[in-house]
Chemist: 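I am attaching a structure below and will ask some questions about it afterwards.
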2 protein chains.
Amino acid sequence: MNLKQLSQLLGLSQTTVSRALNGYPEVNAETRQRVLDAVRETGYRPNRAAQRLATGRAGSIGLVMPTADGIESDVHFGEFLAGLGDEAVKHDFHFVINPSHPEDEVATCRRLVASGNVDALFLAYMREKDPRIAMMKSLKTPFVVHGRSMGIATDYPYLDIDNTGAFYDAARLLAQLGHRHVALINGPSHLTFAIRRTKGTVRALTEHGLVLRDECNSNSQMTDEHGFRAMERFLQLATPPTAVLCSSTVLALGAVRAINQAGLKLGSDISLIAHDDVLPMLKPENFMVPLTTTRSSLRGAGQRIARRLIADILQLEALPQQELWKTDLIVRASTGPAPAGK
Amino acid sequence: MNLKQLSQLLGLSQTTVSRALNGYPEVNAETRQRVLDAVRETGYRPNRAAQRLATGRAGSIGLVMPTADGIESDVHFGEFLAGLGDEAVKHDFHFVINPSHPEDEVATCRRLVASGNVDALFLAYMREKDPRIAMMKSLKTPFVVHGRSMGIATDYPYLDIDNTGAFYDAARLLAQLGHRHVALINGPSHLTFAIRRTKGTVRALTEHGLVLRDECNSNSQMTDEHGFRAMERFLQLATPPTAVLCSSTVLALGAVRAINQAGLKLGSDISLIAHDDVLPMLKPENFMVPLTTTRSSLRGAGQRIARRLIADILQLEALPQQELWKTDLIVRASTGPAPAGK
DNA sequence: GTTAGATGCCAAAACGCTTTGGAGAGAAAA
DNA sequence: TTTTCTCTCCAAAGCGTTTTGGCATCTAAC
């Protein structure tokens with residue numbers, strides 16, 4: 001069943017049927033209803049390829065997926081992608097997934113846009129003064145950044161969570177609980193989300209007359225193993241921290257392991273707050289000692305970004321170009337007052 | 001630059017240029033070379049939407065992504081997808097990623113195919129007598145299964161690794177090393193890969209007069225936490241195992257944690273073999289005690305499946321419809337002889 | 001020296017949609 | 001009554017490929 005057949009069935013022209021379906025004003029309400037009814041009965045679905053050809057829109061959004069060894073994306077990437085897919089499938093949008101080594105990213109993005117196969121790009125894993133942003137701004141292809149860069153004007157479309165605020169809140173809670181030695185197990189130091197989290201942590205500590213010691217600050221990929229090693233290092237210090245912040249529940253997994261191994265009791269001997277991306281496979285409430293977390297749904301971010309990109313391409317609704325999501329600080333059993341005398 | 005312009009430039013008809021590009025025989029070798037040269041100079045790239053419309057092929061492959069709570073896919077899914085993307089991008093193929101709750105899978109697959117937006121489907125997370133296979137066979141859309149079902153004829157296209165063989169080999173090695181109590185920390189019991197791994201394990205043990213005790217057999221999602229809990233349970237048994245098999249390095253992560261916590265020494269007090277999907281973030285050689293593994297690259301499987309699907313759609317080369325990849329058993333420090341007297 | 005079959009090329013018709021540039025009818029304005 | 005809008009709708013021209021059906025030209029065979 002194609003448009004021609006449908007229009008013949010209705011005794012209308014293809015033009016009118018097309019306009020009725022695409023919400024153009026110059027079609028009688030009654031006629032539109034007839035068309036809509038016929039669509040429902042016949043199960044007519046417009047041919048996407050023909051639409052793409054006629055409109056010049058590709059109907060797909062591109063994402064370059066960092067893929068080199070030692071990329072910390074894995075766990076979080078899948079979750080984010082599920083969100084993107086959720087939303088995209090509603091509007092019949094495709095993806096072009098372009099794996100690329102991190103050094104090639106700019107070129108890969110440019111090539112992807114130039115290919116004409118995507119009419120929007122999604123950018124993530126932002127670095128300081130990320131060159132991709134200037135490049136994308138010079139093109140006219142819509143894009144949304146997940147996260148934000150630093151050191152350049154923030155006049156580009158982004159969706160970010162308030163990383164600074166999240167870790168400020170978390171560190172402040174720890175300080176208020178009397179902790180005087182706080183450690184941070186963070187993501188890779190070249191990524192801006194990690195930099196902002198450090199900043200938030202330091203700010204809160206400073207306000208309470210505390211410092212983030214160098215030896216209590218770890219940057220690494222967000223894997224269990226790195227979490228374990230960092231925590232292990234911390235615990236061997238002359239003055240070990242009594243509280244630790246983790247940039248992911250994955251890191252927290254390793255940190256908790258090290259804590260257990262040291263024979264310390266989470267929530268009393270040592271406190272821990274992790275950032276929770278709401279990964280279905282790793283729920284903070286399911287830890288043996290449930291984790292206090294700063295929470296923001298990664299999947300939700302994926303959905304939102306897909307929606308914004310599609311709205312942009314289709315000129316549906318005017319959504320805000322810049323969003324900064326607050327995180328929730330959810331207190332569970334892994335935080336408690338600082339042990340006396342420490 | 002489109003076909004018309006290019007053909008005018010060359011003083012040829014569109015037909016001839018098109019045929020030259022698509023490798024049809026009825027074009028002079030010299031002419032073809034001229035066309036190819038012109039393409040290189042002008043940077044001409046055929047419009048995919050027009051191609052899709054003209055050929056009726058969608059140029060994209062569909063995948064339904066299980067997305068409900070408690071789905072064990074995450075870590076492994078990202079890695080597999082990178083492989084798919086790697087290969088697809090070479091041929092300018094898109095993806096339609098359709099998240100779906102596991103109960104809806106059959107309907108989602110059917111809908112995806114019916115939408116006409118994909119000309120091949122990729123299936124994974126196989127269960128026993130998986131209904132998706134019969135459904136897909138009834139349609140004429142190409143598909144490849146990652147894994148295999150059980151209890152139904154294996155006359156469908158698949159790529160699987162020899163799970164039975166892998167765990168047979170691993171278990172046999174443990175038996176040969178003198179272990180008499182072997183445990184298994186496996187994936188979800190409804191997935192066929194896990195069932196096959198159990199089978200391989202049991203077979204090897206049986207051949208050495210050993211059994212896989214119920215209390216030494218764990219099925220769960222493949223997360224660190226589940227690995228930890230299972231191992232912890234094992235170690236509290238009256239007769240704890242002296243060796244354990246893990247279905248993923250992610251599970252092994254937790255298992256090793258429990259082993260450490262119990263004060264046991266990996267590789268002497270207790271041996272461990274894990275299946276290694278070659279996840280960049282979790283290398284068995286980077287464990288504190290490097291892990292003995294059965295290895296098979298998940299990304300490689302993704303690449304291969306994409307290649308097979310595309311070859312099928314484009315009728316490029318005749319690739320085998322059924323592949324069973326052997327795994328490598330790589331011995332590292334986590335395996336050793338059974339401790340005396342156990 | 002004609003015929004048959006390759007060989008190499010082309011004009012034009014799809015493919016199924018959107019969009020342009022009207023056009024007819026009725027209502028409102030002159 | 002005529003003119004001018006406003007509503008609705010339509011015919012036809014794209015969009016950029018692939019593919020069909022044919023038409024020359026050249027070679028080999030009779």
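Letters go in sequence order (proteins before strands), and every chain restarts at 1.
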Chemist: Taking the side chain of A/Gln51 as its heavy atoms from C-beta onward, which of C/dC10, C/dC17, D/dT18 lies nearest to it?
Modeler: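 It is C/dC17.
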Chemist: Atom CZ of A/Arg52 and atom P of D/dT17: how far apart are they, to the nearest Å?
Modeler: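 Going from A/Arg52 (CZ) to D/dT17 (P), I get 16 Å.
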Chemist: Rounding to an integer number of Å, can you tell me how far A/Asp92 CG sits from C/dC17 C1'?
Modeler: 14 Å
Chemist: Looking at B/Asp119 and B/Arg57, does any basic side-chain N land under 4.0 Å from a carboxylate oxygen?
Modeler: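 Between B/Arg57 and B/Asp119 there is no salt bridge, as every charged N stays at least 4.0 Å from the carboxylate O atoms.
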Chemist: For A/Thr15 and D/dC10, is the shortest distance between a side-chain N/O and OP1 or OP2 below 4.0 Å?
Modeler: no
Chemist: Evaluate the criterion side chain to side chain donor-acceptor pair (under 3.5 Å) for residue pair A/Asn2 and A/Asn47; output intermediate values, then yes/no.
Modeler: CA-CA 8 Å; A/Asn2 58 21; A/Asn47 179 308; over 6 Å; no
Chemist: Does this structure show an ion pair linking A/Glu317 with A/Arg307, if we count only N-O contacts that are shorter than 4.0 Å?
Modeler: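 Yes, this pair counts.
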Chemist: Just checking A/Gly11: base, sugar-phosphate only, or nothing, at a heavy-atom cut-off of under 4.0 Å?
Modeler: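 If one applies the 4.0 Å heavy-atom cut-off, A/Gly11 turns out to touch the sugar-phosphate alone, with no base involved.
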Chemist: C/dG8, C/dC10, D/dT17: which one has an atom nearest the side-chain heavy atoms of B/Tyr44?
Modeler: D/dT17
Chemist: Under 4.0 Å between any heavy atoms, over every strand shown, what does B/Arg19 touch: base, sugar-phosphate, or nothing? Just pick one.
Modeler: base
Chemist: Output the single nucleotide from C/dC10, C/dT18, D/dG16 whose closest atom is nearest the side chain of A/Gln14.
Modeler: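 Minimum distance to the A/Gln14 side chain belongs to C/dT18.
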Chemist: Ignoring backbone atoms, test whether B/Asn22 places a side-chain nitrogen or oxygen under 4.0 Å from the OP1 or OP2 oxygen of D/dT18.
Modeler: yes
Chemist: When the distance from CZ of A/Arg32 to P of D/dC7 is rounded to whole Å, what number comes out?
Modeler: 14 Å
Chemist: Taking only the side-chain heavy atoms of A/Ala54 (C-beta and beyond), determine which of D/dC15, D/dC9, D/dT19 contains the nearest atom.
Modeler: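 Ranking D/dC15, D/dC9, D/dT19 by closest atom to the A/Ala54 side chain puts D/dC15 first.
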Chemist: With a non-hydrogen cut-off below 4.0 angstrom, is A/Glu26 in contact with a base, only sugar-phosphate, or nothing?
Modeler: base
Chemist: Which comes earlier along DNA chain D counting from the 5' end, the contact point of B/Ala49 or that of A/Asn28, where each point is its nearest nucleotide?
Modeler: A/Asn28
Chemist: Please pick, from C/dC17, C/dC9, D/dT19, the nucleotide with the shortest atom-to-atom distance to any side-chain atom of A/Leu3.
Modeler: C/dC17
Chemist: For residues A/Arg299 and A/Glu79, report the shortest heavy-atom separation together with the two atoms involved.
Modeler: NE-OE2, 3.1 Å
Chemist: On the nucleotide C/dA11, are OP1 or OP2 found under 4.0 Å from the side-chain N or O atoms that B/Ser13 carries?
Modeler: no
Chemist: Return the value, rounded to whole Å, for the distance between atom CD of B/Gln33 and atom C1' of C/dG8.
Modeler: 17 Å
Chemist: Is the phosphate of D/dT18 approached by B/Thr55 (side-chain N or O, under 4.0 Å from OP1 or OP2)?
Modeler: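 For D/dT18, OP1/OP2 do not have a side-chain N/O of B/Thr55 under 4.0 Å.
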Chemist: Under 4.0 Å between a side-chain N or O of A/Tyr24 and OP1 or OP2 of C/dT19?
Modeler: yes
Chemist: Rounded to whole Å, how long is the line connecting atom CD of A/Glu30 with atom P of D/dT8?
Modeler: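 Roughly 10 Å, once rounded to whole Å.
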Chemist: Starting at atom CG of B/Leu53, determine the distance to atom C1' of D/dT18, rounded to an integer number of angstrom.
Modeler: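 Nearest whole value for this atom pair: 10 Å.
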Chemist: Measure from the side-chain heavy atoms of B/Ser18 and tell me the nearest of C/dC17, D/dC10, D/dT19.
Modeler: D/dT19
Chemist: What nucleotide among C/dT20, C/dC9, C/dC10 has an atom nearest to a side-chain atom of B/Val27?
Modeler: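 My answer, after comparing the listed nucleotides, is C/dC9.
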Chemist: Inspect the contact between A/Arg40 and A/Asp37 and indicate whether a charged nitrogen and a carboxylate oxygen are less than 4.0 angstrom apart.
Modeler: yes
Chemist: For A/Arg304, does its backbone N or O pair with a side-chain atom of A/Glu87 as donor and acceptor, under 3.5 Å?
Modeler: no
Chemist: Looking at the side chain of A/Leu12, which of D/dC10, D/dT19, C/dA11 is the nearest nucleotide?
Modeler: D/dC10
Chemist: Figure out the CG/P separation between B/Leu21 and D/dT19, and round it to whole Å.
Modeler: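 Atom-to-atom, B/Leu21 to D/dT19, this comes out as 13 Å.
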Chemist: Rounded to the nearest Å, what distance is computed from the NZ atom of residue A/Lys4 to the C1' atom of nucleotide C/dT18?
Modeler: 15 Å
